Amino acid sequence: MPSSLHPLLAELARMPGKTVKLQASNSAMASLHRGYPWLYAERVKAESHRGQPGDLGVVYDGKGRFVAVGLYDPLSPIRLRVLRASKPGPIDRAFFADRLAAALVRRLPLQGTQTDGYRLVHGESDKMPGMVIDRYGATAVVKIYTHAWIPYLHDCLASLLEQQPLDRLVLRLSRGLQEHPAYLHGLRDGQILYGDPLSGMLTCLENGLRFEVDPIHGQKTGFFLDQRDNRARVEQLARGKRVLNAFSYNGGFSLAAARGGAVEVTSLDQSGQALESSKRNFALNAQVPAIAAARHLTIQDDAFRAMAELVKQGQKYDMVIIDPPAFAVRRSQVKEALNAYGRLAHLGVSLLVTGGNIVLASCSNPVSPEDFREAVCAAAIRAGRPLQGIMESGHALDHPLDFPDSRYLKCLFATA
Ligand code: SAH
């Protein structure tokens with residue numbers, strides 16, 4: 001099977017040059033010993049030579065003792081992404097096989113849940129820093145965030161295919177990588193690395209609900225897999241309700257609410273394509289009686305403006321779900337993001353019947369759960385509808401949090 005991986009991958013596997021020896025600040029070495037997966041460029045004290053992305057980098061302490069080995073990337077502020085720390089060992093096919101096997105074991109609880117769309121590898125938290133692998137049925141989408149992965153794709157993906165019955169592998173490149181095309185060595189975003197070209201949409205199952213997935217043009221790798229558990233909770237709460245789902249994308253929460261017995265679900269998004277996709281997803285699941293019975297409406301508009309308009313019209317919902325895109329990617333944007341969450345919370349509670357349910361999510365990495373909760377609660381109080389029975393949740397189990405910096409999703413359930 002590995003022989004039918006794209007032939008370029010075997011060529012690129014021969015690329016790494018001489019291992020780069022690194023010295024790092026004492027505090028950086030201490031973090032590496034504690035398992036922190038990154039060494040920032042500014043904390044490198046010395047390099048034996050300037051290597052190429054994908055060379056191995058090894059950190060030694062002042063006495064020449066091994067600290068860590070990982071993927072070296074001179075183009076990134078993260079100079080080294082650690083594969084092994086404290087104890088040396090080879091970085092070879094067997095190494096990647098072990099890492100993948102461990103990642104697969106963690107996802108075993110998803111078996112028997114009618115879910116074949118889930119994250120197989122969650123980067124740093126699965127000790128595969130800078131790489132995400134999402135699975136949609138028999139297709140896996142491999143997304144890399146550093147050029148340094150390129151020489152290792154062959155061994156890593158060959159072991160993946162040995163361990164998982166997959167028909168197709170699709171490569172996605174983060175935006176940063178596409179800024180340095182010379183270092184891609186002919187690899188392209190959306191390239192098929194294994195299996196047949198994509199013809200039309202893929203679909204995947206999440207807790208028995210079928211969704212279409214476009215792994216090349218869709219957001220993230222095609223679907224927001226991280227909200228699985230939160231959608232299941234919405235399903236539990238939805239019976240008999242009128243639901244507004246703002247920032248609905250392809251209708252993940254809308255479908256969950258409908259299967260849970262919502263009588264009416266309104267999907268609101270500024271993207272016409274996203275709304276069309278949500279309609280197709282309702283059609284894909286029309287064999288479920290509750291979904292066929294639910295009325296699905298769509299509003300294409302800016303969510304802030306549309307919700308303000310609905311408030312003006314005196315519209316009321318039994319449940320309002322608000323799951324916007326990230327408002328902050330940098331610390332300097334946190335204040336503005338919290339303001340936006342506050343405005344959305346204010347609009348959300350204003351649209352609720354007394355005692356209705358509000359679900360508010362934030363995927364802004366630099367916004368802490370505490371700040372998010374506080375901003376949302378304060379806004380609800382200002383609107384005269386304080387939140388009650390607050391429940392907070394986060395990522396589903398295929399997005400483990402072993403690397404705390406990677407925690408981004410916060411989801412708050414409450415009544416008002
Ligand atoms: N809740 C979704 C994921 C949301 S992704 C899920 O469960 O899968 C964010 C969505 O917000 C995208 O579909 C994008 O089109 C939409 N969006 C971004 N800015 C918007 C705005 N100002 N008003 C309405 N929709 C917006």
Side-chain angles (χ1 to χ4, degrees), residues 2 9-10 12-106 120-133 142 144-160 162-163 183 400-406:
L9 296 186
L12 296 171
R14 290 191 284 272
M15 220 171 50
K18 212 167 135 222
T19 298
V20 183
K21 292 183 183 161
L22 300 159
Q23 282 175 17
S25 68
N26 286 337
S27 62
M29 283 194 294
S31 328
L32 294 175
H33 276 304
R34 281 196 303 272
Y36 194 74
W38 294 344
L39 172 63
Y40 286 102
E42 74 234 26
R43 303 178 79 186
V44 172
K45 288 202 309 194
E47 305 188 322
S48 56
H49 60 284
R50 179 46 58 111
Q52 293 292 313
D55 291 344
L56 288 177
V58 183
V59 182
Y60 294 100
D61 68 12
K63 294 187 175 140
R65 287 173 305 201
F66 173 88
V67 178
V69 57
L71 303 176
Y72 173 88
D73 185 354
L75 304 174
S76 165
I78 305 172
R79 184 55 38 87
L80 192 77
R81 288 173 169 83
V82 174
L83 295 173
R84 288 182 185 272
S86 300
K87 244 172 63 190
I91 305 300
D92 54 10
R93 178 115 158 225
F95 168 83
F96 292 116
D98 281 354
R99 288 284 153 99
L100 288 167
L104 295 175
V105 164
R106 291 176 143 187
L120 275 171
V121 171
H122 187 44
E124 284 70 7
S125 290
D126 281 309
K127 295 199 164 83
M128 303 271 276
M131 172 185 274
V132 151
I133 306 180
V142 180
I144 53 172
Y145 294 82
T146 165
H147 296 90
W149 264 109
I150 289 175
Y152 306 93
L153 287 175
H154 181 271
D155 279 356
C156 182
L157 299 180
S159 347
L160 176 65
E162 275 166 12
Q163 296 186 46
Y183 290 95
L401 285 178
D402 299 35
F403 179 43
D405 300 25
S406 73

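A quick note: this is a predicted structure, and the numbers were derived from the prediction, not measured.
Of the possible polar contacts, one joining the Ser125 side chain to the Pro400 backbone as a donor-acceptor pair under 3.5 Å is found. In terms of modelled atom types and a separation under 3.5 Å, the side chain of Ser76 and the main chain of Asp73 share no donor-acceptor contact. Not one N or O on the side chain of Arg81 forms a donor-acceptor pair closer than 3.5 Å with the backbone of Ala148. Not a single donor-acceptor pair under 3.5 Å links the side chain of Arg84 to the backbone N or O of Val69. Of the possible polar contacts, one joining the Asp55 side chain to the Gly17 backbone as a donor-acceptor pair under 3.5 Å is found.
Between the CG atom in Leu56 and the OG1 atom in Thr19 there is a gap of 5.0 Å [rounded to 0.5 Å]. Going from atom CD of Gln23 over to atom CG of Asp61 covers 9.0 Å, rounded to the nearest 0.5 Å. Rounded to the nearest 0.5 angstrom, Ser159 OG and His154 NE2 are separated by 9.5 Å. From Ile133, atom CD1 reaches atom CG of Asp126 across 9.5 Å, with rounding to the nearest 0.5 Å. Annotation: the span from Arg93 atom CZ to Leu157 atom CG amounts to 10.5 Å, rounded to 0.5 Å. Distance check: Ile150 CD1 to Leu71 CG gives 11.0 Å after rounding to the nearest 0.5 Å.
Applying the 6.0 Å contact sphere to CG of Asp402 captures more than 12 heavy atoms from other residues, nucleotides or ligands. Annotation: Phe95, atom CZ; neighbour count of heavy atoms from other residues, nucleotides and ligands within 6.0 Å is above 12.
Taking the six-membered ring where the residue is Trp, Tyr60 and Phe66 present perpendicular rings, their angle passing 60° and hence far from 30°. Using cut-offs of 30° and 60° on the angle between ring planes, the pair Tyr152 and Phe96 is tilted.
No hydrogens or angles considered: a donor-acceptor pair under 3.5 Å links the side chains of Tyr72 and Glu47.
Closest of all the heavy-atom pairs between Pro53 and Met15 is O-CE, 4.3 Å. When all heavy atoms of Ser86 and His33 are compared, the pair lying nearest together is OG-ND1, 3.1 Å. The two residues Ser406 and His122 come nearest to each other via the heavy atoms OG-NE2, 4.2 Å. Taking each heavy atom of Ile144 and Met131 in turn, the nearest pair found is CG2-CE, 4.0 Å. Closest of all the heavy-atom pairs between His49 and Val20 is O-CG1, 3.4 Å. Minimum heavy-atom separation, Arg50 to Pro74: CD-CB, 3.7 Å.
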**OP:** Could you go through the side-chain contact (heavy atoms from CB on, under 4.5 Å) check for Lys18 and Gln52 one step at a time?
**Re:** CA-CA 9 Å; Lys18 212 167 135 222; Gln52 293 292 313; over 6 Å; no
Original post:
Given the rule in the side-chain contact (heavy atoms from CB on, under 4.5 Å) test, do Val59 and Val44 qualify, once you have shown the distances and angles that lead to the verdict?
Top reply: CA-CA 9 Å; Val59 182; Val44 172; over 6 Å; no
Original post:
Yes or no on side-chain contact (heavy atoms from CB on, under 4.5 Å) for Leu32 and Val82, after CA distance, side-chain angles and deciding distance?
Top reply: CA-CA 8 Å; Leu32 294 175; Val82 174; 3.6 Å; yes
**OP:** Tell me, with the steps shown, if Val121 and Leu100 meet side-chain contact (heavy atoms from CB on, under 4.5 Å).
**Re:** CA-CA 8 Å; Val121 171; Leu100 288 167; 3.8 Å; yes
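Under a 4.0 Å N-O distance rule, the pair Asp98/Lys127 does not qualify as a salt bridge.
Taking 4.5 Å as the limit, every side-chain heavy atom of Pro151 sits out of range of all side-chain heavy atoms of Arg14. Using a 4.5 Å cut-off on side-chain heavy atoms (C-beta onward), Leu120 and Leu104 make contact.
Within the structure, the side chain to side chain donor-acceptor pair (under 3.5 Å) test picks out the following pairs touching residues 37-46 (sequence neighbours left out): Ser27-Arg43, Trp38-Glu124.
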